[in-house]
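Structure first, commentary second.
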Number of protein chains: 2
Amino acid sequence: MQTKPTTIKEIAQILGISVSTVSRALHDHPSIGLTTRAKVKKLAGELNYEPNQTAIFLQKGKTLTIGVILPELSEAFFSSAISAIEDTAYKKNYTVLLAQSHDDEQKEKQLVEKMKNHRVDGLLVSVGKNTSSYQHFENLKKYNIPVVYFDRIPAIPNIHYVACNMEIGTIEAVSYLLKKGHRAIGMINGPQTMVATGERKEGYIKAMTKNRLKYDPSLIVSCDLTEEGTRKALDELLASKRKPTAIVTFNDYVALFAIKHASKLNIRINKDLEFVSYANLPLINYMENIPAASVEQFPYLQGQKATDILMDLLHHQGTGGNEPSAFYKVIIESQLVENKK
Amino acid sequence: MQTKPTTIKEIAQILGISVSTVSRALHDHPSIGLTTRAKVKKLAGELNYEPNQTAIFLQKGKTLTIGVILPELSEAFFSSAISAIEDTAYKKNYTVLLAQSHDDEQKEKQLVEKMKNHRVDGLLVSVGKNTSSYQHFENLKKYNIPVVYFDRIPAIPNIHYVACNMEIGTIEAVSYLLKKGHRAIGMINGPQTMVATGERKEGYIKAMTKNRLKYDPSLIVSCDLTEEGTRKALDELLASKRKPTAIVTFNDYVALFAIKHASKLNIRINKDLEFVSYANLPLINYMENIPAASVEQFPYLQGQKATDILMDLLHHQGTGGNEPSAFYKVIIESQLVENKK
DNA sequence: AACTGCATTGCAAACGTTTGCGTGGCTAAA
DNA sequence: TTTAGCCACGCAAACGTTTGCAATGCAGTT
C-alpha cells in the first residue's frame with residue numbers, strides 16, 4: 001500500500017537509459033530524440049510520475065513559494081487580502097506559505113527566520129501594530145529575498161510597498177456630507193499613535209479648507225476603538241456646542257458601536273445623524289442601519305497588487321538595482337462608495 | 001551585498017573539520033567533543049548560520065509542512081479555521097501551505113497534485129460544494145500522506161475527520177424557543193442537497209417529538225440562501241395557516257436578510273417574531289437587531305482539532321493501521337448560545 | 001579514406017544535509 | 001608491552017533533480 005512516489009531514477013532504470021536523459025526528455029529538451037522522449041513520457045504517465053519539488057528546490061535554489069506574514073488571519077480585511085494573494089500567486093504557479101504574527105513583534109521575528117529557512121523566494125508582509133524595528137525584514141535583502149509590504153507599512157525608506165491612502169477617501173467622505181448640506185461634521189477618530197488616524201484628520205481638514213469652511217478641532221475626538229470608548233466619544237460629540245449632524249467614524253466597528261448607541265438615544269440613523277465609515281466589514285449588505293457611505297480600502301486589490309509586484313521582482317532580479325527609483329511604491333487611493341440599502 | 005546563506009560546508013572548511021562533525025555538533029550529538037562543539041556553535045552564530053530546510057526536507061523526506069485546502073479564504077468561517085490551523089501548526093513547528101479551491105473540483109484536484117509535489121507531510125481539507133469524487137484525496141493514502149477532513153466532509157468510509165453536527169444545536173434551538181412559549185416555530189432551511197439542511201430538519205423534528213408536539217411540515221421551507229430567496233421563504237412562512245412566532249434560519253446571512261425584510265414589514269424583531277440562527281458571522285456584537293440566539297459551530301475549535309489529529313497521525317504513522325477503528329471521527333456538538341444585546 | 005558536424009545520449013558534479021560505519025588515537029587494564 | 005575499549009572524528013552514500021561537458025555513432029563532405 002505504502003507506495004513510494006516514482007522517481008526519475010526508476011524510470012531511467014526500467015528504460016535502461018540515464019537519469020539525465022529522462023530528465024531532459026520530460027522537459028522537452030531538443031537534444032533528445034523523439035522516440036526516447038515518447039517512451040519516457042509514456043512510462044512516466046503510467047507510473048504516475050510527479051517530480052519531487054523538494055529536490056528541485058534544492059537544486060535550483062528557488063522554491064516557487066512566497067511567504068505571507070500578517071497580523072491576524074481572521075480579520076476580514078486580511079482574509080480578503082490573503083484570498084487575493086493566493087489567487088494571484090496560484091496563477092503564476094507559486095504557492096503560499098502562511099503565518100500570522102498576532103501583532104507580536106517577537107513572533108514576527110521568528111516567522112521571518114522560519115520563512116528564510118524554508119527558502120521562500122519572496123515575502124509579503126503586513127507588519128504588526130507593535131513592531132518597532134524592521135531589521136528582521138531588512139536583513140532579508142542580504143539574502144536576495146525581496147520583501148513587499150502591504151497595508152500596514154513601515155516608515156522606512158527603500159522598500160517596496162502597496163498601501164491605501166486614507167486622505168483622498170476622507171476628503172471625499174467629508175465633501176459628500178458637505179454636499180448633503182451638513183455643516184457640523186464630527187469625526188470619531190482612532191488613537192493618536194496610528195498613522196491611519198493622522199491621514200483621516202488631514203483629509204478632514206483639507207476637505208473643510210477646500211470648501212472654505214473653518215475647521216473646528218472640537219469636532220474631532222479620538223477613541224480607543226472599543227465599544228465603551230466609542231460611546232464616550234459619541235456622547236462627547238453630541239454634547240459639543242456645535243452638535244454634529246453627521247459623523248465620520250474610524251472604521252465599521254466604531255460605526256456600528258456608534259449607531260447602536262445612537263439608536264438607543266432615539267436618534268434616527270442617517271436622518272437626525274448621518275454616518276460615514278471606512279469599510280472593513282463585509283456586513284453592510286446584511287444590516288438595516290448602516291453608514292450612508294463607506295470609504296473602501298480595497299483589501300483584495302492590495303493583496304493582488306502586492307503579489308504582482310513581488311512576482312515582478314522575482315522575475316527581474318539580478319539587475320540588482322538598489323537605487324531608490326527601483327522601489328515600487330504603490331498607493332491605492334481609497335474611495336467613497338455610497339451604500340445601497 | 002548579495003550574501004549567500006552560510007552552509008555547513010563553509011563552517012567545516014573554516015574550522016578545518018568535516019561537515020559531518022559540524023552537523024553533529026549543531027545537533028548536540030554526544031559523540032562530538034565539547035570543545036569542537038563549542039567552536040562550531042560559536043562560528044555558526046557569528047556567521048549567522050541557518051540550516052537550509054529544503055536540503056533537510058530532501059534528506060529526511062519530511063517537510064514539516066502541512067497543506068490546507070479549503071473553499072474560500074475570505075469566508076468568516078474558514079478564515080477563523082485557518083487562523084486556528086496556523087496557530088496550532090506553529091506550536092508544533094509546522095508551517096502551513098495554503099490554497100483555496102473556490103468550490104471548483106478541477107482546481108481542487110490540481111491543488112492536491114501541487115501539495116503532493118511540495119511533499120507536504122499531511123493535508124487538511126474542507127471539500128468544495130460541487131466536489132463529487134474524492135479519489136484525488138484518497139490517492140494520497142498510497143503515498144502515506146494523511147488527510148484530515150474538516151467541516152465539509154465527504155460521505156465515504158475510512159477517513160479521518162472533524163465536523164460539527166448541527167442536530168444537537170438545532171434541538172437546543174427549537175427547545176429554547178419552545179421554552180419561551182412559542183408553538184408555531186418556522187424554519188428557513190437551506191437547499192435540499194446539502195447535508196447541513198438534513199441535519200437541521202432532523203433536529204427540528206426531534207425537538208418537536210421530544211416535546212410531544214406534532215411536526216407541521218409546512219413550517220419548514222427551504223431557500224437558496226440568497227436575499228431574494230430568503231424574502232420569498234419568509235413571505236411563505238408568514239402566509240402559512242399557522243403563522244410562526246419564531247423562526248430558525250439556516251445561517252446568519254439568511255437571518256439578517258429575513259430580519260431586514262421583516263423590519264420593512266413592520267414586524268418587531270424578537271418580539272412579534274423571534275429569530276434563532278447558526279453563527280457564521282462575527283458581526284453579532286455590532287448590530288441592533290440580531291437573532292436572540294445562535295447555534296455556534298466552533299470554526300476555531302474545528303481547525304484546532306483537525307490539526308491536532310493530523311499532528312498525531314504524523315507522529316504515529318508507520319503503525320500503518322488500516323482498520324476502521326484507527327480512524328479519527330470527531331464530532332463537535334454544535335451549541336446554542338444566547339446573544340447578549 | 002579521412003574528416004567535419006550534428007544528433008543523441010551518458011557521466012558526474014552540484015545543491016546542503018544527515019547518518020551508518022570505519023578509523024585513528026588515546027587511556028586503562030592485563 | 002600488548003590489547004581491549006572508548007572517544008572523537010572523518011568518509012562517503014544517500015535524498016531526487018538539473019546541467020555542463022564529454023562521448024558515441026552516423027551521415028554527409030571533400
Side-chain angles (χ1 to χ4, degrees), chain A residues 2-41 43-44 47-65 116-121 143-145, chain B residues 2-41 43-44 47-65 116-121 143-145:
Chain A
Q2 322 271 27
T3 316
K4 284 261 157 281
T6 315
T7 76
I8 230 174
K9 214 179 274 183
E10 291 164 8
I11 298 183
Q13 200 173 6
I14 296 177
L15 256 39
I17 58 183
S18 81
V19 282
S20 40
T21 304
V22 176
S23 173
R24 279 190 257 256
L26 291 172
H27 287 82
D28 282 319
H29 193 285
S31 80
I32 300 295
L34 296 111
T35 51
T36 26
R37 203 185 300 188
K39 267 196 303 182
V40 169
K41 286 195 174 177
L43 186 60
L47 294 182
N48 234 304
Y49 169 77
E50 299 282 346
N52 183 332
Q53 294 290 9
T54 64
I56 299 178
F57 297 159
L58 175 59
Q59 158 67 32
K60 299 219 161 166
K62 295 279 158 217
T63 57
L64 287 183
T65 302
K116 201 203 315 172
N117 294 351
H118 270 260
R119 294 297 189 269
V120 295
D121 292 341
Y143 297 100
N144 221 9
I145 300 178
Chain B
Q2 323 270 27
T3 317
K4 284 262 156 282
T6 316
T7 74
I8 231 174
K9 214 179 274 184
E10 293 165 8
I11 299 183
Q13 200 173 5
I14 296 177
L15 256 40
I17 58 181
S18 81
V19 282
S20 40
T21 304
V22 176
S23 173
R24 281 190 255 257
L26 291 172
H27 288 82
D28 283 319
H29 193 284
S31 80
I32 302 297
L34 297 111
T35 51
T36 26
R37 204 185 301 189
K39 267 196 302 181
V40 169
K41 287 195 174 178
L43 185 59
L47 294 182
N48 234 305
Y49 169 77
E50 298 283 347
N52 183 332
Q53 294 289 10
T54 64
I56 299 178
F57 296 160
L58 175 60
Q59 158 68 31
K60 299 218 161 168
K62 295 279 156 219
T63 57
L64 287 183
T65 301
K116 200 202 316 171
N117 294 351
H118 269 262
R119 295 297 190 267
V120 295
D121 292 343
Y143 297 99
N144 221 10
I145 301 178

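Values below: all heavy atoms of this structure, side chains included; hydrogens, waters and symmetry mates excluded. Computed from a predicted model, the values in this text were never measured in an experiment. Below, chains carry the letters A, B, ... as their sequence lines are ordered, and counting in each starts from 1.
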- line: Note: for A/Thr6 and B/Ile17 on DNA chain D, the residue whose nearest nucleotide lies more 5' is B/Ile17
message: Both B/Val19 and A/Ile8 contact DNA chain D. Taking the nearest nucleotide for each, which residue is further toward the 5' end?
response: B/Val19
Send over the distance from [X] [atom1] to [N] [atom2], rounded to a whole Å.
X: A/Ile32; N: C/dA7; atom1: CD1; atom2: C1'; answer: 10 Å
X: A/His118; N: C/dT17; atom1: NE2; atom2: P; answer: 14 Å
X: B/Gln53; N: C/dT17; atom1: CD; atom2: P; answer: 10 Å
X: B/His29; N: C/dT17; atom1: NE2; atom2: P; answer: 17 Å
X: B/Glu50; N: C/dT17; atom1: CD; atom2: C1'; answer: 15 Å
X: A/Leu15; N: C/dT8; atom1: CG; atom2: P; answer: 17 Å
X: B/Lys62; N: C/dG16; atom1: NZ; atom2: P; answer: 24 Å
X: B/Gln13; N: D/dG10; atom1: CD; atom2: P; answer: 13 Å

If you check every side-chain atom of [X], which of [options] has the closest atom?
X: A/Arg24; options: C/dT17, D/dG20, D/dG16; value: D/dG20
X: B/Thr21; options: C/dT19, D/dG16, D/dG10; value: D/dG10
X: B/Ile56; options: C/dG10, D/dT19, C/dT18; value: C/dT18
X: B/Lys60; options: C/dT18, C/dG16, D/dG10; value: C/dT18
X: A/Leu58; options: C/dC15, D/dA8, D/dT18; value: C/dC15
X: A/Gln59; options: D/dT17, C/dT9, C/dT17; value: D/dT17
X: A/Ser18; options: C/dG10, C/dT8, C/dG16; value: C/dG10

task: Answer yes or no: is there a donor N or O on one side and an acceptor on the other, between the side chain of A/Arg37 and the main chain of A/Ile32, under 3.5 Å?
output: yes
Report yes if at least one side-chain N or O of [X] is closer than 4.0 Å to OP1 or OP2 of [N]; otherwise report no.
X: B/Lys9; N: C/dC15; result: yes
X: A/Thr7; N: D/dC15; result: no
X: A/Ser31; N: C/dA7; result: no

- request: For A/Thr54, answer base if it contacts any base atom (sugar-phosphate contacts may also be present), sugar-phosphate if it contacts only those atoms, and nothing otherwise; contact means non-hydrogen atoms under 4.0 Å.
  value: nothing
message: Over all strands shown, is A/Gly33 touching base, sugar-phosphate only, or nothing at heavy-atom distances under 4.0 angstrom?
response: sugar-phosphate
message: Is it the case that the base of C/dG16 and the side chain of A/Arg119 share a donor-acceptor contact (distance under 3.5 Å, atom types as modelled)?
response: no
- prompt: Is there a donor and acceptor pair, one atom on the side chain of B/Ser20 and one on the base of D/dC9, closer than 3.5 Å?
  reply: no
Are [X] and [Y] packed together at the side-chain level, in the sense that at least one heavy-atom pair is separated by less than 4.5 angstrom?
X: A/Tyr143; Y: B/Asn48; result: yes
X: B/His118; Y: A/Thr65; result: yes
X: A/Ile14; Y: A/Leu47; result: yes

task: Assess whether side chain to side chain contact (heavy atoms under 4.5 Å, CB included) is satisfied between B/Val40 and B/Leu15, documenting all intermediate values.
output: CA-CA 8 Å; B/Val40 169; B/Leu15 256 40; 3.8 Å; yes
- prompt: For A/Thr54 and B/Gln53, what are the C-alpha separation, side-chain angles and deciding distance, and is it a side chain to side chain contact (heavy atoms under 4.5 Å, CB included)?
  reply: CA-CA 9 Å; A/Thr54 64; B/Gln53 294 289 10; over 6 Å; no
